[in-house]
Amino acid sequence: MVNQKFDPYINVDPGTMSPYEHGEVFVTNDGAETDLDLGHYERFTDVNLTKASSITMGKIYQEVIEKERRGDYLGRTVQVIPHITNAIKEKIYSFKNRDVDIVITEIGGTVGDIEGLSIIEAIRQVGLENPSEDVIYIHVTLLPYISGSKELKSKPTQHSVKELQSFGIKPDILVCRTEKDISNNLREKIALFCNVRKESVIANKTANCLYEVPLLLEKEGLAYEVCKHLQLEKIESNNIEWEKLNEKIKNISDKVVKIAIVGKYVKLEDSYLSVIESLKHAGIENGVTVKTDLVDAEKITAENVKEKLSAYDGIVVPGGFGNRGIEGKIQTIKYARENNIPFLGICLGMQMAVVEFARDVLGLKDANSEEFDELTKNPVIHIMHDQKEVTNKGGTMRLGAYPCNMKKGSLAEKVYKTHKISERHRHRFEYNNDYKEVMEKNGLIVSGTSPDEKLVEIVELKEHPYFIACQFHPEFKSRPDKPAPLFVGLIKKAKEHSK
Ligand code: GLN
């Protein structure tokens, strides 16, 4: 089984977009910069996805136009139907000979959006081209709750189904997002007005914990209905892993561990979605509730850092781009370093930890990353060699999974319980090895590198309960039942700190 997502926008991928547009950019093992939904797919199915799972209309148009320029269309007029729709279908069918039994294709946006129409048309054709038992249409709709009259409204669902039917698609199943239980009457009404069977009206009620949702959908009979339609009757349901996980979640103590995520996109939690989820996973593993706050790095100064952060048991400085908020991140890291606060730096967070150490411990007052000061005399973080000539912004960073070897006896090795790992990356700048000797002499150890030892992947402080920072993004591989080690270590120490 594999998940796939179509996004109707014209960007070739979300890699060049601000997290305020669609939330974080998720990165796959093979280095695709994707919509954050792929992160959810991976966390729920534990399948490592690839570039083939993340398609935008920009990518489709780019491919079709490149073909046109090559002359592949042999003089014909190139049109939305059939050329764009064929290109979309090719992406869905691309899994055909690849040991994949089911493709779950999600279409982003709302039914009726002009920019998504060609995708809707393409999936209509997929239904027509295949035996009816091989294709199922599931429509996710919203049942808004009107608190004034205390009722769920089915009108938006009725309208979007009507719209979908006008495009030639009859949904087989309706998954209804709702804050309240759906009464029997309402279920009957939705079935009648939307032309689906009552058993195919599935409630997707807001859960206390996201990871309860698979069990709730199972109770609603979603898998049963899907399997029946696809004639997969012999498949037996097996939710043992989900049940175990939910048991574990239920038994978490009342103990709350507070973590500050200090970044610049603080108005939208989705900007740091995988980091927040990884912290929750680590909380489940440590048997504590993790409460995260997004703290605005731009508002942190040397004067107020204590006041802003003293309530927290641990601090994460996540990845990022551009110099807004940089000085606040540096003050944050100094505070964590000097006050023994458990700290995890990720990508830009690691780079800033190196800058902070250089400035404050090594006394190199002008130390910086070349990203923010090209002319600094002390570029402790500098542009990667093969990035120097790169001018295009899209898909050109060091992306995807790379191996990392750990130093024997380091905290990194202890936390990962192994000395060889693979983690996902997304960056242009790196630790400058010219400073390695003096940094290590003063206590900031390089504890993880690329196998050829040229690229620094992890640094850590010798004299600190938990101060570790990595060039990669451990949050992209964390799963609810397989939490990322660096987060597990952080929460473990944060739990001790909170005492
Ligand atoms: N901006 C930094 C770089 O390009 C860090 C990137 C990140 O945090 N993902 O190297």
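Because only heavy atoms are used, hydrogens play no part in the values below, and waters and symmetry mates are left out as well, while side chains stay in. Counting starts at 1 for both ligands and their atoms, following the listed order.
Under the 6.0 Å cut-off for aromatic ring centres, Tyr211 and His281 qualify, their centroids lying closer than that. Centroid-to-centroid, the aromatic rings of Tyr9 and His22 come within less than 6.0 Å. Ring to ring, Phe472 and Tyr402 are not that close: their centroids are 6.0 angstrom or more apart. For Tyr265 and Tyr20, the ring centers sit closer than 6.0 Å to each other.
Less than 4.0 angstrom separates some heavy atom of Gly319 from each of these atoms of ligand 1: 8 (O). Taking a cut-off of under 4.0 Å to the non-hydrogen atoms of Glu371, the atoms of ligand 1 that pass are 1 (N), 2 (C), 3 (C).
Between Lys258 and Asp313, none of the side-chain N atoms (NZ, or NE/NH1/NH2) sits under 4.0 Å from a carboxylate O, so this pair counts as no salt bridge.
For ligand 1, the polar-atom distance check finds no N/O of Cys347 at less than 3.5 Å from any of the ligand's N/O atoms. Among the atoms of His473, some N or O lies under 3.5 angstrom from an N or O of ligand 1. For Phe429, a nitrogen or oxygen atom sits less than 3.5 Å from a nitrogen or oxygen atom of ligand 1, counting backbone and side chain alike. For a threshold of 3.5 Å applied to N or O pairs, the pair formed by His427 and ligand 1 contains no separation below that value.
Every residue was checked against the salt bridge (Lys or Arg N to Asp or Glu O under 4.0 Å) condition with Glu90, not counting sequence neighbours, and none meets it.
Of the heavy atoms in Met397, none comes closer than 4.0 Å to ligand 1. Within the 4.0 Å heavy-atom criterion, neither part of Glu430 lies near ligand 1.
Side-chain contact annotation: His425 with Glu457, donor-acceptor N/O pair under 3.5 Å present.
What sits closest to atom 4 (O) of ligand 1 on the protein, heavy atoms only, is Arg428 N, 3.0 Å. From the protein, the heavy atom lying nearest to atom 5 (C) of ligand 1 is Gly320 O, 3.4 Å.
Here the shortest heavy-atom pairing between Glu430 and Leu455 reads OE1-CG, 3.5 Å.
By heavy-atom distance, the residue among Gln387, Gln351, Arg426 lying nearest atom 9 (N) of ligand 1 is Arg426.
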